[in-house]
Peer 1: 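Take this structure first; my questions come after.
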Amino acid sequence: MRVKHLLGHQSLKYKNALRATGEVIMPFKRPRPPPVPHATNSSSTSTLLSTNHEHKRLRRGCLHGIKAYILSAKIDGAEYEILIGEAEENGAELCKTPAEADIIVTAIGMKKRLERHIDWNMAKGKAVVRPDWIRDSVKKSEALPCGDYAAISDLLDSSIENCPESSSSQSQPPDQAEASTSQHQSTKESTLPDLVYEPRYKSRFACERYSPLICPNQDLVKELHIIKLAREMESEERSALSYSRAISAIKAFPEKIKSMSQISDIPYLGDKLTGMIQEFLSKSTISQARQLSSDTRYQTLISFTSVYGIGPHTARHLYDLGLRTFDDLSRYLGSDDNAEGSGGSFAWREGLRLRDELSVKIPRAEVEEMGRLVDNALQDILPGSESTICGGYRRGKLESNDVDIVFTHPQGQGNKANNMIARLVERMRKDGLITHTMHAPSVRSKGSLRPPTNHDGWDTLDKSLTIFNLPKTSPYYKGIHRRLDLIYAPREVYWTAVVGWTGSTMFERDLRLWAKQKGLKFDSSGITRRRDTKALYATSERDVFKLLELEWIEPRLRNADL
DNA sequence: CGGCAATTCA
DNA sequence: CGTAT
DNA sequence: GCCG
């Protein structure tokens with residue numbers, strides 16, 4: 001029965017996630033105000049400080065001035081992120097402890113359970129509301145009465161009593177620059193140099209644009225994707241990159257393309273791509289893509305590269321040898337007389353053996369189950385550690401190809417946390433959860449060996465690429481192996497690692513280009529100033545964006561691929 | 001025409 | 001170098 | 001294959 005409950009619960013969240021991607025978050029499809037540059041300090045209250053450097057758009061969100069504490073218990077990671085995002089986005093001040101807060105947001109509905117997290121007497125002095133208070137308040141653009149959202153019946157009265165009021169008097173227009181779909185005035189009026197911002201589809205970098213999981217031009221994008229893959233199969237990487245960029249630019253375009261006039265300011269559409277789009281508009285297909293789809297070479301190369309460890313080069317080689325099917329491949333690898341690559345053979349054999357299982361997508365609920373098991377093992381090894389499921393899951397994908405989990409050691413002093421990856425993997429291997437390690441982190445052990453780059457400690461950023469299998473006792477057990485990537489990041493770079501492992505690929509590539517252009521260097525192991533390689537540490541995910549001088553883009557809008 | 005992300009592992 | 005992230 |  002517990003199982004049933006869980007399932008129901010999950011699928012509910014699942015729907016919410018969908019809805020979130022589709023309408024709540026999407027900034028474009030709101031009724032938009034007339035195309036007036038409503039950016040600067042036209043509206044009253046704003047203080048000067050907002051004008052200059054940070055292009056604060058004076059959004060005095062509907063929760064402005066409210067101090068909130070969001071209790072993470074009983075809220076899954078992704079949902080929690082959304083709540084935090086929405087609260088912060090709308091001006092709430094998030095507290096680290098319930099004591100500092102005016103309002104406590106929790107999914108817990110029972111007094112007994114809440115008391116495990118929050119002192120009851122303290123709770124009585126505050127408003128304690130359900131998470132939907134945030135969403136509904138945001139929707140209505142005003143802080144709603146807490147009484148309607150009391151999380152716990154015993155606290156109804158005190159919640160009404162202590163309900164905080166937003167200090168933003170007037171509700172404001174939905175901030176956040178919905179890309180006016182019309183080709184926007186180039187606003188000369190207040191020639192402030194930094195008036196060009198608003199992440200929108202015209203931006204040159206994917207990390208400035210809002211890219212939903214599914215876009216209005218998804219069919220077009222799929223067609224281009226085929227051509228891109230073909231270029232990759234033939235190792236025409238630069239060409240492939242251009243298709244990737246075109247795809248990611250189109251993914252950020254907020255409306256269905258019906259005529260060529262619409263696409264004139266989408267970047268990365270040159271002669272070739274423009275021609276293809278034109279064709280697509282009239283025929284709903286692109287001949288090149290159609291042709292490739294039925295091409296034996298293309299199909300074969302695609303299938304061969306789906307084997308872990310086989311890339312384009314090897315795939316072409318195998319194809320040239322005359323192999324066409326997995327059976328051929330299997331036979332070929334089986335006869336170990338083949339002169340070449342007996343080095344790679346083992347990996348390929350394993351890859352081939354597991355291929356069918358690994359090609360099965362992982363539903364969100366199961367990803368979450370995997371996350372729990374990893375975290376349990378982690379807490380056992382080092383209590384107080386933290387982990388975040390990143391990758392496609394975090395971007396809101398309904399099914400994942402693999403699971404990426406970034407973790408760090410407990411706060412406290414220093415790096416007494418050594419060999420976290422090795423210990424975690426070993427523990428999970430003993431428990432039968434991890435069956436293979438594709439790849440071990442280099443043995444950077446203690447002792448006299450000095451790690452090349454790093455200051456005092458040893459482990460900077462380690463990862464293990466593994467094969468995972470749920471225990472038979474799990475309600476989600478299907479006996480299917482899964483790809484699981486475990487990434488350890490030291491505390492100081494935890495949030496950079498989370499951003500780095502959330503993707504998508506194009507989003508990450510452009511993050512790095514963007515950083516470079518800003519005189520910085522970004523990767524999942526940190527942000528450094530190029531000048532002097534001085535490290536900049538972020539204390540939250542939003543802080544990563546801030547340090548990079550980037551507008552915040554939430555994980556579900558970082559789907560700049562596919 | 002140069003640049004296109006950046007790094008690690010076997 | 002090819003492949004993986 | 002596109003951009004500065």
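Values below: all heavy atoms of this structure, side chains included; hydrogens, waters and symmetry mates excluded. Naming convention: chains lettered A, B, ... in sequence-line order (proteins, then strands); numbering from 1 in each chain.
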Peer 1: Checking A:Tyr201 against A:Asp265: is there a side-chain donor and acceptor pair closer than 3.5 Å?
Peer 2: yes
Peer 1: Do A:Arg482 and A:Ser400 get their side chains close enough for a donor-acceptor pair, meaning under 3.5 Å?
Peer 2: no
Peer 1: Would you mind listing every salt bridge (Lys or Arg N to Asp or Glu O under 4.0 Å) that reaches into residues 293-314 of chain A, with sequence neighbours excluded?
Peer 2: A:Glu234-A:Arg297, A:Arg297-A:Asp320
Peer 1: Quick one: do the A:Lys361 and A:Asn401 side chains pair a donor with an acceptor below 3.5 Å?
Peer 2: yes
Peer 1: Apply side chain to side chain contact (heavy atoms under 4.5 Å, CB included) to A:Leu513 and list each qualifying residue two or more places apart in sequence or on a separate chain.
Peer 2: A:Phe205, A:Arg245, A:Asp510
Peer 1: My understanding is that only residues two or more places apart in sequence, or in another chain, count here; which of them pass side chain to side chain contact (heavy atoms under 4.5 Å, CB included) with A:Asp431?
Peer 2: A:Arg427, A:Leu433
Peer 1: Students often get this wrong, so: under 4.0 angstrom with heavy atoms, is A:Arg204 touching a base, only sugar-phosphate, or nothing?
Peer 2: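 A:Arg204: backbone/sugar contact only, no base atoms under 4.0 Å.
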Peer 1: Measure from CG on A:Leu548 to P on B:dA6 and round the result to the nearest Å.
Peer 2: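 From A:Leu548 CG to B:dA6 P: 13 Å.
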Peer 1: Reading DNA chain D in the 5' to 3' direction, which nucleotide is the first one with an atom under 4.0 Å from a heavy atom of chain A, and which is the last?
Peer 2: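 Footprint of chain A along DNA chain D, 5' to 3': D:dG1 to D:dG4.
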Peer 1: Heavy-atom contacts under 4.0 Å between residues 503-512 of chain A and DNA chain B, which residues?
Peer 2: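 Contacting residues: A:Arg509, A:Arg512.
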Peer 1: Using a cut-off of strictly less than 4.0 Å between a heavy atom of the residue and any atom of DNA chain D, enumerate the qualifying residues of residues 232-241 of chain A by number.
Peer 2: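 Hits under 4.0 Å, by residue number: A:Arg238, A:Ser239.
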Peer 1: Tell me whether A:Arg331 is salt-bridged to A:Asp328, with the criterion being a basic N under 4.0 Å from an acidic carboxylate O.
Peer 2: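 Yes.
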Peer 1: With 3.5 Å as the limit, what N/O pairs link the protein to nucleotides 3-5 of chain C?
Peer 2:
unit_1	atom_1	unit_2	atom_2	d
C:dT3	OP1	A:Gly311	N	3.0
C:dT3	OP1	A:Gly311	O	3.3
C:dT3	OP1	A:Thr314	N	2.9
C:dT3	OP1	A:Thr314	OG1	2.2
C:dT3	OP2	A:His313	N	3.0
C:dA4	OP1	A:Gly309	N	2.5
C:dA4	OP1	A:Ile310	N	3.3
C:dT5	OP1	A:Arg483	NH2	3.2
C:dT5	O3'	A:Asp485	OD2	3.3

Peer 1: A:Lys251: what forms a salt bridge (Lys or Arg N to Asp or Glu O under 4.0 Å) with it, not counting sequence neighbours?
Peer 2: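 Here no residue qualifies.
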Peer 1: Given the C1' atoms of B:dG3 and C:dT5, what is the spacing between them in whole Å?
Peer 2: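 Straight-line distance between the two C1' atoms is 23 Å.
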Peer 1: Answer yes or no for A:Arg364 and A:Tyr393: cation-pi contact, defined as NZ/CZ to six-membered ring centre under 6.0 Å and angle to ring axis within 45°.
Peer 2: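 Cation-pi check for A:Arg364 and A:Tyr393: passes.
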Peer 1: Could you state the atom-to-atom distance from CD1 of A:Ile527 to P of B:dA5 in whole Å?
Peer 2: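 In whole Å, B:dA5 P lies 18 Å from A:Ile527 CD1.
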Peer 1: Of all residues at least two apart in sequence or in a different chain, which pass the side chain to side chain contact (heavy atoms under 4.5 Å, CB included) check with A:Arg238?
Peer 2: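 Side chain to side chain contact (heavy atoms under 4.5 Å, CB included) check on A:Arg238 returns A:Leu241.
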Peer 1: Pairs counted only when both distances fall under 3.5 Å, Watson-Crick or G-U: show me the 5' to 3' dot-bracket for DNA chain C, [ ] for pseudoknotted crossings and | for other-strand partners.
Peer 2: .|.||
Peer 1: Mind checking the P distance from B:dA5 to D:dG4? Whole angstroms is fine.
Peer 2: 15 Å
Peer 1: Taking the cut-offs as 6.0 angstrom to the six-membered ring centre and 45 degrees off its axis, would you call A:Arg483 and A:Phe468 a cation-pi pair?
Peer 2: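 Judged by the rule (NZ or CZ under 6.0 Å from the ring centre, within 45° of its axis), A:Arg483 is not positioned above A:Phe468.
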Peer 1: Please give the distance between the P atoms of C:dA4 and B:dC4 as a whole number of Å.
Peer 2: 23 Å
Peer 1: Taking the six-membered ring of A:Trp501, is the NZ or CZ of A:Arg395 close enough (under 6.0 Å from the centre) and on axis enough (within 45°)?
Peer 2: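 Pair A:Arg395/A:Trp501 does not count as cation-pi.
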Peer 1: Could you tell me whether the side chain of A:Tyr332 reaches within less than 4.5 Å of the side chain of A:Leu318, counting heavy atoms only?
Peer 2: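 Heavy-atom side-chain distance check passes, below 4.5 Å.
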Peer 1: For residues 269-282 of chain A, pull every pair meeting salt bridge (Lys or Arg N to Asp or Glu O under 4.0 Å), keeping only residues two or more places apart or in separate chains.
Peer 2: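 Counting only pairs at least two positions apart or across chains, the salt bridge (Lys or Arg N to Asp or Glu O under 4.0 Å) contacts touching residues 269-282 of chain A are A:Glu279-A:Lys283.
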Peer 1: Across the strands shown, which category fits A:Tyr243 at heavy-atom distances under 4.0 angstrom: base, sugar-phosphate, nothing?
Peer 2: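 Sugar-phosphate: the residue A:Tyr243, judged by heavy atoms under 4.0 Å, touches backbone atoms but no base.
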Peer 1: Just jot down the side chain to side chain contact (heavy atoms under 4.5 Å, CB included) partners of A:Ser239, sequence neighbours excluded, or say none.
Peer 2: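 So A:Ser239 forms a side chain to side chain contact (heavy atoms under 4.5 Å, CB included) with A:Arg231, A:Glu236, A:Tyr243.
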Peer 1: Would you say the side chains of A:Thr388 and A:Arg394 form a donor-acceptor pair under 3.5 Å?
Peer 2: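 A:Arg394 and A:Thr388 do not have a side-chain donor-acceptor pair below 3.5 Å.
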Peer 1: Think A:Lys516 has a side-chain N or O under 4.0 angstrom from the OP1 or OP2 of B:dG3?
Peer 2: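 So the side-chain polar atoms of A:Lys516 never come under 4.0 Å of the phosphate oxygens OP1 or OP2 of B:dG3.
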